[in-house]
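One structure below.
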Amino acid sequence: MDYDPQAIEPHWRERWAEAGIYEAEPDRAPEDGTETTTDEAEKTFITVPYPYPNGGMHIGHARTYTVPDVYARYRRLQGDSVLFPLAWHITGTPIIGAVERLNSGEEDQLSILRDTYDVPEDTLQDLETPMGFARYFIEEHYKENMRALGLSIDWRREFTTNDERYSKFVSWQYETLHDRDLLEKGYQPVNYCTNEEQPVTAHDLLEGEDAEFQDYTLIEFGWEDAGSGGETASEGVVVPMATLRPETVRGVTNAYIDPGADYVLADVDSERWLVSRAAAEKLKLQQREVDVLEEFTGKRLVGERVENPVTGENVLVLPARFVDADNATGVVMSVPAHSPDDWIALQEAKADAEHMEEFGIDPAEVREIEPRAIIDVEGFGEFPAQDAIEQRGIESSDDPRLEEATQDVYNREFHAGALSDAYGQYAGEVVADVRDDLRTTYREQGAFDAMHEFTEEVICRCGGSVEVSIQETWFLRYNDAEWRTRAKEAISGMEAIPENTREQYYHTVDWLEEWPCIRNYGLGTKLPWDPDFIIEPLSDSTIYMAYYTIAHRLDDIPPEDLDHDFFDALFYGAEAVENPDERALALGEEWDFWYPVDFRCSATDLIPNHLTFFLYHHAELFEQSHWPQGITGMGMGLLEGSAMSSSKGHVVLPSDAIAEYGADTVRFFLLNSSEPWQDFDWRSERVGDTRRQLERFWNRAAELIDEVEANAATDTEADDDGDTNASDAEVEIDGEIDNESEDGRSGLDHTDRWLLSKLGETIEEATEAMERFETRAASQAIFFRFEDHLRWYRRRADLDRPAARWTLQEVLETRLRLLAPFVPFLANELHERLTGTPAEEARWPDPESTPRNERIELEERLVSRLTDDVRDIVEVTGTDPEVVRVYVAAEWKRAVFEQVLEAGPDPDVGGVMSEVMADPELRERGDAVNELANSLIEVVRGQEADREATTDIDERATYERAGGFLEREFDAEIEIYPEEEAVDPADRASSAEPLRPAIHIE
RNA sequence: GCGAGGGUGGCCGAGCCAGGUCAAAGGCGGCGGGCUUAAGACCCGCUCACGUAGGUGUUCAUGCGUUCGAAUCGCAUCCCUCGCACCA
């Protein structure tokens, strides 16, 4: 009966599927009311984020779903009704994107599907639609693997987020939030592909994935267009200069335009603007009313004067090739005192009289332009730009160090620069403190405007240029003060595992502003009052755990009946609506039974969004008693030390791992190699080790079970007083295991009791660890740490006694139940062979049933320490002893020890001494007592010693009982003496202390 | 840059919140021994240094500090991981 997971695991998968034992039903109290609720139904509702099947499942996902499974199995053993459901998240664009990439024949995508996820060639065509794609991975990957892993999921409740009934539920949620004024209409910048003419996600970008939105301030310089004729000439024209440093408006000395680029005169909203042609297009995308009137090159503005809207000064527009007409408005202002670029450009313009003349500009006019200082910053003189350039020895605009000089000046001026007196109310203020305020003020006065622009060029996968567009949207008002308060209450009321994640939740609530909760396209639920929009994926998945509680019962209800009132009645009760639907009320009871969510297991990455949203929405929509009780953070997975990557094929599929090692090994590795919130590293060598450990366990257990069976017809009689020797008498009985059990139980000796005490300790540790989701700590205790105890026991105990067999059997049975959540296949199989029923039909072991025995544990510690000490001496001296003499401390020493123990964990030396010296017999010994007391105080200090157990101990008897064992260990004669009557050739007996015998080897 | 978390012996990782039983669990690796024809598996012991008596010395990123006592508490420094939004 070798360990062969491939032989036993399929059997259990079938049994679980057929029996439907994980299909959870509310455990209702009797309805007639006769029985009081003494045995109130306990429940556990545990969830994990539903998978997003835009690709296959790998080993990292396997842990994500196995951790809650272990907890679910644990709570079931504790007697709870446990609900562990799962569904499929397919909302949004990733699946659509994946399908598009497949359909356009992208090599990368084909490789991921074919090579990484083993999609058969003739199946690829099924993946050409979003639902087909999702279905494939749901059925062939996720469900298949989850079943193989033995996840105890209630599959009746599965759904996808694109289902009609689910959408009804989400609609109810958003209508409710809308009614409560927690949704707000607004505008937001988005990536917009000018080729496809629609918004695109960061995922759709070919170039510029790191680009950020930048808010340019447009300073509305005025231009009297005297030069041109026609109807457009009469009005004042606005030339909006784009800048990121609006506070420099008083330092402007001139402006630049690209004479060769295309510009337009256009009506923008209510004003007439001169901007680059590209800018006009961008402004259209940014919710501006743009009407282009005339097109020309930048040359038209060169040599003109434009008026600074803040100072009223007229400044000259110079030609410059470095102006990028494709960035912002294509017209820039020049602040040479504070911009190294501008400083150099002005120098070069002054020097190049010829070029100026070509554009009809009087070089003398250019030479008259003087820099104007408007910001004071320590470490620079009047003109920071000049200093920054000269410090670096920069002489031309081609110098690469110009960039660095610019950054230097910008940073220092921003953080430490004080505005000059000309700024009135802002005079003397630091730029960083007042920039926003200054911008707003001038904007309100109409001097400034604004536009968005990327920090770098952005290209769509389709090849089109991506621009910043301002789109109408709906926001969730996560910055609403009351909502925030409730969210924080939800955080403080829940269990955060590990506790050190709690801070991040609070921080996220404070940091969240408004969240745009809709998209223009993708799968999902339409915004109920504006079906052009889809509720985006992070926003449609905040309270869906409630949906699990009823999902399998909704199939009988036509979707059109699932209106707003239906869910109101379901969640808020009969009083909430006029004519409550009976079906909704019935479902409400079910919901009420399972809610709240007891634990949600989810990646710690999701704290800043999903997990906090989850808390927000529960805090708003449900009453406090239904708020989440706990969240367990989960770490990520590595593969052979580096991050997994499906596009590089650097993943392991659960199906492959299960085929190679068996599901139990996969589970045990994932749960035992690190705690859930820590990162784990799938190293095949380590997994192989884990498999061997399980094999060893299996072999041991199988051996024991065989023995039990072999002994079923035979029994030995042990004497009743329970100690030591097994008797010789053998009695034939009728083959009931129980008979031997009863006999064995009555014959327990101290080694058996010790092992059982350790078993009790293990149960305590495992239970506490499981309550805290510490799967590693729990399995370490149950599996590895207990193996250690067993090793000691096998050395120590006489295993041929019935009591030893009984003990080992008891231990095995208990450990199998403790292991059942972790390795359900192996544990159930062995438990059934041993007892006739699977482990999961038993109960989680109760520490009360195998209580600790402090005294026996302490005695055993003494024996083990004595063994170590003797071994140590043998090793250091390099001798092979014939005789080992053990001297137990004299009676008077024991008396001193008891006094020390009396004094508690922090004994006061003086106090102890006076107590001790009160005894005339001890006083006689004077210094020896003093020394001993001091030494013992050192030993005892700070320790929570079990005084009773310690004083109860009979050291001599303990060592004598271990005599046979010690003789075997050292192949020597063992002699035990009380100090007072010692045979003591080397004069060692006197150094004996209580709990610390003296030793002599010879 | 901002926010959260972390740095433990050859490796992985407990311990730290509630300071003493911590030379510091457990696993892996390594060394020695047993079993075996042999290898593997399994079992036992060792695995910071020194030591012919159970001991001593020096360690828990670095440096200060609090304390009778610090891997554990406080401060500073260095380094690492994650998150920074409209996206799963």
Side-chain angles (χ1 to χ4, degrees), chain A residues 49 51-52 54 89-95 97 188-191 199 201-203 212-213 411 415 471 473 475-476 478 498-508 510-519 522 536-539 541 603-610 633 635-636 641 672-675 677-681 683 685-686 688-690 692-693 695-696 699-700 774 776-777 779-781 783-788 791 794-795 861 865-879 905-906 938-945 969 986 988 991 996-1001:
Chain A
Y52 201 101
N54 62 332
H89 200 195
I90 60 174
T91 315
T93 55
I95 289 175
Q188 64 153 340
V190 299
N191 299 333
T201 67
H203 217 81
E212 286 171 34
F213 296 134
N411 280 334
H415 293 291
Q471 297 275 317
T473 191
F475 291 97
L476 280 162
Y478 288 136
E499 181 59 36
N500 64 17
T501 53
R502 191 185 301 277
E503 195 51 38
Q504 253 200 81
Y505 289 101
Y506 284 121
H507 186 262
T508 301
D510 285 330
W511 165 80
L512 274 172
E513 294 295 332
E514 299 183 307
W515 182 268
C517 61
I518 55 167
R519 297 199 55 90
E536 63 87 35
L538 280 173
S539 299
S541 55
T604 45
D605 293 12
L606 297 183
I607 293 174
N609 46 55
H610 167 254
M636 0 177 279
N672 182 63
S673 63
S674 58
E675 299 293 4
W677 47 90
Q678 299 172 324
D679 294 351
F680 73 95
D681 187 1
R683 291 184 186 261
E685 229 179 287
R686 292 289 91 79
D689 292 336
T690 303
R692 268 194 297 285
Q693 302 277 12
E695 228 166 72
R696 186 168 62 174
N699 291 338
R700 271 266 156 66
E774 291 169 0
R776 178 173 202 269
S779 58
Q780 286 273 334
F783 199 80
F784 294 104
R785 207 112 40 89
F786 203 85
E787 277 303 315
D788 262 12
R791 258 198 287 278
R794 282 190 213 103
R795 274 165 78 185
R861 260 202 304 280
R865 191 160 71 174
L866 178 60
T867 315
D868 286 348
D869 281 351
V870 173
R871 190 183 307 285
D872 206 4
I873 296 168
V874 167
E875 230 163 70
V876 174
T877 58
T879 49
D906 192 13
E938 271 317 297
V939 172
V940 170
R941 190 192 291 282
Q943 292 185 24
E944 285 295 328
E969 284 287 305
R988 299 211 178 264
S991 58
R996 200 81 212 276
I999 301 164
H1000 175 233
I1001 67 172

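Below, chains carry the letters A, B, ... as their sequence lines are ordered, and counting in each starts from 1. The basis for the numbers below is simple: all heavy atoms, side chains too, and nothing from hydrogens, waters or symmetry mates.
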Can you identify which nucleotide, out of [options], has its nearest atom closest to the [X] side chain?
X	options	value
A/Leu538	B/C87, B/G27, B/G54	B/C87
A/Arg696	B/C42, B/A88, B/A85	B/C42
A/Glu513	B/G55, B/A85, B/U52	B/A85
A/Ile873	B/C87, B/G27, B/G54	B/G54

Could you please name the partner base of [N], counting Watson-Crick and G-U wobble pairs only when both distances are under 3.5 Å?
N	value
B/A76	B/U62
B/U67	none
B/C11	B/G27
B/G32	B/C44
B/C22	none
B/U81	B/A4
B/U52	none

Figure out the CG/P separation between A/Asn672 and B/A25, and round it to whole Å. 17 Å
How many whole angstroms separate atom CZ of A/Arg794 from atom C1' of B/C42? 11 Å
With [atom1] as the reference atom in both, quote the distance from [N] to [M] in angstrom, rounded to an integer.
N	M	atom1	result
B/G63	B/G7	C1'	16 Å
B/C78	B/C86	P	32 Å
B/U58	B/C11	P	23 Å
B/C50	B/G33	C1'	24 Å
B/A14	B/G27	C1'	11 Å
B/C17	B/U62	C1'	24 Å
B/G65	B/U59	P	15 Å
B/G10	B/C84	C1'	38 Å

Have a look at [X] and say if it touches a base, only the backbone sugar-phosphate, or nothing, with a 4.0 Å heavy-atom cut-off.
X	value
A/Arg861	nothing
A/Ala986	nothing
A/Ile607	nothing
A/Pro498	nothing
A/His610	nothing
A/Asp689	sugar-phosphate
A/Leu866	nothing
A/Arg686	sugar-phosphate

Hey, what are the protein-to-nucleotides 45-47 of chain B N/O distances that come in under 3.5 Å?
| unit_1 | atom_1 | unit_2 | atom_2 | d |
| --- | --- | --- | --- | --- |
| B/G45 | OP1 | A/Arg795 | NH1 | 2.3 |

Shortest non-hydrogen separation from A/Thr604 to A/Gly633 and the atoms involved: CG2-CA, 3.7 Å
Ignoring hydrogens, what is the shortest heavy-atom contact between A/Gln504 and A/Thr508? Give both atom names and the distance. O-OG1, 2.7 Å
Quick check: does any side chain N or O of [X] sit under 3.5 Å from a backbone N or O of [Y], one acting as donor and the other as acceptor?
X	Y	result
A/Gln678	A/Glu675	yes
A/Tyr52	A/Thr91	yes
A/Glu774	A/Ala777	no
A/Asp679	A/Met636	yes

With a 4.5 Å limit on heavy-atom distance, are the side chains of [X] and [Y] in contact?
X	Y	value
A/Thr93	A/Arg519	yes
A/Trp677	A/Thr501	no
A/Ser673	A/Asp681	no

Examine B/G26: is either OP1 or OP2 under 4.0 Å from a nitrogen or oxygen in the side chain of A/Gln693? Give yes or no. no
Counting just side-chain N and O atoms, does A/Thr508 come under 4.0 Å of either OP1 or OP2 of B/G83? no
Assign each of A/Cys517 and A/Pro997 the nucleotide of RNA chain B bearing its closest heavy atom; nearer the 5' end lies the nucleotide of A/Pro997
Quick check: on RNA chain B, is the nucleotide nearest A/Ile518 upstream (toward 5') of the one nearest A/Gln780, or the reverse? Name the residue that is more 5'. A/Gln780
Would the number of heavy atoms belonging to other residues, nucleotides or ligands and lying under 6.0 Å from CD of A/Glu499 be above 12? yes
What does the list of N/O pairs under 3.5 Å between the protein and nucleotides 32-36 of chain B look like, with a distance for each?
none

Listed pairs, N/O of protein and of nucleotides 12-19 of chain B, under 3.5 Å:
| unit_1 | atom_1 | unit_2 | atom_2 | d |
| --- | --- | --- | --- | --- |
| B/G13 | O2' | A/Arg776 | NH1 | 2.7 |
| B/G13 | O2' | A/Arg776 | NH2 | 3.1 |
| B/A14 | OP1 | A/Gln678 | OE1 | 2.9 |
| B/A14 | OP1 | A/Gln678 | NE2 | 2.1 |
| B/A14 | OP2 | A/Gln678 | NE2 | 3.3 |

Using nucleotides 2-4 of chain B, report all nitrogen or oxygen pairs with the protein that are shorter than 3.5 Å.
| unit_1 | atom_1 | unit_2 | atom_2 | d |
| --- | --- | --- | --- | --- |
| B/G3 | O2' | A/His507 | ND1 | 2.9 |
| B/G3 | O2' | A/His507 | NE2 | 3.2 |
| B/A4 | O2' | A/Gln504 | NE2 | 3.3 |

Applying salt bridge (Lys or Arg N to Asp or Glu O under 4.0 Å) to A/Arg785 and A/Asp788, what does each step give before you reach the verdict? CA-CA 5 Å; A/Arg785 207 112 40 89; A/Asp788 262 12; over 6 Å; no
Quiz item: A/Asp869 side-chain donor-acceptor pair to B/G54 base, under 3.5 Å: yes
Is it true that A/Asp869 and A/Arg996 make a salt bridge, defined as a side-chain N closer than 4.0 Å to a carboxylate O? yes
Can you sort out the partners of A/Arg776 under side-chain hydrogen bond (donor to acceptor under 3.5 Å, both in side chains), two or more places apart, ordered by chain and number? none
With sequence neighbours left out, what residues match A/Glu695 under salt bridge (charged side-chain N to carboxylate O under 4.0 Å, His left out)? A/Arg691
Residues A/Glu513, A/Phe475; criterion side chain to side chain contact (heavy atoms under 4.5 Å, CB included); working and verdict: CA-CA 9 Å; A/Glu513 294 295 332; A/Phe475 291 97; over 6 Å; no
For A/Arg795 and A/Thr867, run side chain to side chain contact (heavy atoms under 4.5 Å, CB included): C-alpha distance rounded to whole Å, both residues' side-chain angles, the deciding distance at 0.1 Å, then the answer. CA-CA 12 Å; A/Arg795 274 165 78 185; A/Thr867 315; 4.3 Å; yes
Take A/Glu969 and A/Arg871 through the test salt bridge (Lys or Arg N to Asp or Glu O under 4.0 Å) and record every step on the way to the result. CA-CA 9 Å; A/Glu969 284 287 305; A/Arg871 190 183 307 285; 2.9 Å; yes
